[in-house]
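Predicted model only: the values in this text are computed from it and were never measured.
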Number of protein chains: 2
Amino acid sequence: MAEPRYQRRKEQRPQEITDAAYEVFAEKGYASARVDEVARRAGVSKGLLYVYFRTKEELFKAVIRSVVIRRVDALLLAVEETDLSSEEFMRGPLLEFMRRVPGSPVAIVIRLLIAEGQRHPDLVDYYWDNVVSKGLGAISRFVGRGVERGEFRDTAVTELPQLVLAPVMLSVVWRILFAKRELDTDKLIETQIDMILAYIKA
Amino acid sequence: MAEPRYQRRKEQRPQEITDAAYEVFAEKGYASARVDEVARRAGVSKGLLYVYFRTKEELFKAVIRSVVIRRVDALLLAVEETDLSSEEFMRGPLLEFMRRVPGSPVAIVIRLLIAEGQRHPDLVDYYWDNVVSKGLGAISRFVGRGVERGEFRDTAVTELPQLVLAPVMLSVVWRILFAKRELDTDKLIETQIDMILAYIKA
DNA sequence: TCTCTTAATGACTCGTAGGTCAGTAAGTAT
DNA sequence: ATACTTACTGACCTACGAGTCATTAAGAGA
C-alpha cells in the first residue's frame, strides 16, 4: 500500500532539471551552484541528473539555450510584419519589449554570460547568433526602412543599433547590482526612444 | 656566495600581491582564480599571502578597493572646477573620460562585481558610495547647472544621469562578451552625447 | 502473476584548492 | 661575531563537491 518512491517520467525529466538548474544558477552563479541542489530541487537523484546531462557544464549550456530559445523570434517577426509607421512601432511594441527585458530571465542569462562567458566561448557564440546578432540586425533594418520611407534622416543610428539598446543594458546591470537603489528603468528607456526619434526624424 | 632566496619587503608586499591578484581575477574571475597562482605571480609563497590577507575573499575585496581608489576623484574635481561651457565640457573632458572606461580596469571591476556582487553586498555598497553615487551625482549637478545658466532645457535627463552613461555600460559589457566582434565604442558614446545635447539644448 | 527492461537511487571515490604551521633564513641590534 | 626577531617558505591537512556505479524497484508485456 506504500506509495511508489518515484515515478518514471523519462520525457519530462530534462525540462524539470533545467528549470531547477535555472533557479539555482540564477541564485548562486555557475561556480557556486551545487549539482546536488539542482537535483534536490528537481526532485531527482544526482545520479539521474547525470543520465540526462553528461557534466555540470553541459547542464549550464542547456539552461542558457532553453531560456534563449523560448523568447526570441516573436519580436523579430513583429518587426518584419508590422504595418505601423516606424515611429509608432518604436513607441509601441519595441518600447514595450525593451521594458520587459530587465525583469525577465534574459537579464539572468546576461549575468551568467558576463560571469562565465570567458570559459564558454561556444555559448557566447550561440547567444550571439541567436539573440544579439538577430536583434541588432532587426533594429538596424527597421531604422533603415524608416530612412528609405523618408521618415528618418540617415544618421549614425542606422549602423549603431546598440544605441537603442544601451539603456536596456544599463538597466539590466543596474538591477543585478543595485536592486535596492531605485531607478525608473521604464522612464530611462522611454526617454532614450524619445531622444533618438527627435534626433533622427526627418 | 649564493644569492639570498628572498628579500624582506614588508611594506611592498600587499601592493605586489593585490596587483598579481588583479591580473588573475581579471583573467579567471573570482571562483576560478587560484590563490596559489596569485602567490606565484606575486613571487611569494602562499603562506605569506595568508599573512597579509586572511582569506581569498579579503584579497578580492582589497583588489576591488585598490582599483577603485586609484582613479575616481579626478573627473569629479574637473566637473566642479571647469570654466568651460556645459556643452564644451560634455564634448571635451567628459567625453574623453567616458571613452576611456571600457578599456580600463574599471571595466574589469564591473565584470567581477556583476559576477560576484550577490555574495559581497558590502563590496557593492562600497562601489556604490565611492564610484557610482559620486559619478551620477556629479553628472546630475552638472546638467542642473546648465539648466540654471539657461544653456539647457529642463528635461528628464536632469534626474536620469544614467542616460549619459548608458552607452558606456553597453560598451563595457560588449568588450567583456564580444571582444571579437567589432563595435566602434567611441562613436557610440560620442553619438549619445550628440543626441543628448540636441535634445536638451535650450 | 511472473519476467524483463531500464529509470532511478544514493553511498562511494578521488581530485582539487583553501587554509595551516613547524621550520628556515634574512636582516638587525649589541 | 653572536644572539635574536620575524618575514617568509612549502609540505601538509582537510573539506567539499563533481562525477561513478552497483543495486533497486517502477511499470510494461506476455
Rounded to the nearest Å, what distance is computed from the [atom1] atom of residue [X] to the [atom2] atom of nucleotide [N]?
X	N	atom1	atom2	value
A/Arg40	C/dA8	CZ	C1'	18 Å
A/Leu59	D/dG17	CG	P	16 Å
A/Glu37	D/dA18	CD	C1'	15 Å

Classify the nucleic acid contact of B/Val51 as base, sugar-phosphate or nothing, counting any heavy atom under 4.0 Å across all strands shown. nothing
Mind checking if A/Phe53 touches a base, just sugar-phosphate, or nothing, with heavy atoms under 4.0 Å? nothing
Determine, for nucleotides 10-22 of chain C in 5'-to-3' order, which nucleotides have protein heavy atoms under 4.0 Å from the base (write B), from only the sugar-phosphate (write S), or from neither (write -). B------SBBBB-
Below 30° counts as parallel, above 60° as perpendicular, anything between as tilted: where do the rings of A/Phe89 and A/Phe142 land? tilted
Lys/Arg N to Asp/Glu carboxylate O, [X] vs [Y], below 4.0 Å:
X	Y	answer
A/Glu151	A/Arg145	no
B/Glu16	B/Arg13	yes
B/Asp125	A/Arg181	yes
B/Glu116	B/Arg119	yes

More than 12 foreign heavy atoms under 6.0 Å from CD of A/Glu182: is that the case here? no
Rounding to the nearest 10°, end axes of the helix from C/dT1-D/dA30 to C/dT30-D/dA1 built from five pairs each make an angle of 0°
Out of C/dA8, C/dG27, D/dG27, which nucleotide sits closest to the side chain of A/Gln7? D/dG27
Walk me through it: do B/Thr155 and B/Val143 pass the test side chain to side chain contact (heavy atoms under 4.5 Å, CB included)? CA-CA 10 Å; B/Thr155 61; B/Val143 174; 6.0 Å; no
The answer to which of B/Gly43 and B/Arg8 contacts DNA chain D further toward the 5' end, by nearest nucleotide, is B/Arg8
Does the ring of B/Tyr30 carry B/Lys56 above it, NZ/CZ under 6.0 angstrom from centre and within 45° of its axis? yes
